[in-house]
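For reference, the structure is listed below as structure tokens.
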Amino acid sequence: MPPPPPSDLVDEVVIRFDAYARARAARDSLLPTARTTPRHEQHAFEGLQAAITRLRNSRR
């Protein structure tokens with residue numbers, strides 16, 4: 001059984017996922033000032049992907 005992943009990498013994935021989820025939710029906000037741009041949403045998604053990749057690579 002492999003050792004558990006470093007907690008800092010897990011924390012980063014959770015934080016990035018939260019940021020992406022907030023960006024997705026803000027995309028369709030009724031308040032124009034609360035809306036996010038597609039670029040911001042894409043940036044959040046890319047950050048999440050990178051954090052997941054780092055977590056996966058730590059398991060090897």
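Within the structure, the ring-ring contact (aromatic ring centres under 6.0 Å, His included) test picks out the following pairs touching residues 18-60 (sequence neighbours left out): Tyr20-Phe45. Listed by first and then second residue, the salt bridge (charged side-chain N to carboxylate O under 4.0 Å, His left out) pairs involving residues 3-21 are Glu12-Arg16, Glu12-Arg54, Asp18-Arg22 (not counting sequence neighbours).
A search for side-chain contact (heavy atoms from CB on, under 4.5 Å) contacts involving Ile15 returns nothing, not counting sequence neighbours. Applying the side-chain contact (heavy atoms from CB on, under 4.5 Å) rule to Arg27 yields the partners Arg24, Thr36, Glu41; only residues at least two apart in sequence or on another chain are considered. Gln49 meets the side-chain hydrogen bond (donor to acceptor under 3.5 Å, both in side chains) test with no other residue; sequence neighbours excluded.
Across every non-hydrogen atom of Ile52 and Val13, the tightest pair is N-CG2, 4.0 Å. Across all non-hydrogen atoms, the minimal contact from Ser58 to Pro6 is OG-CD, 3.7 Å.
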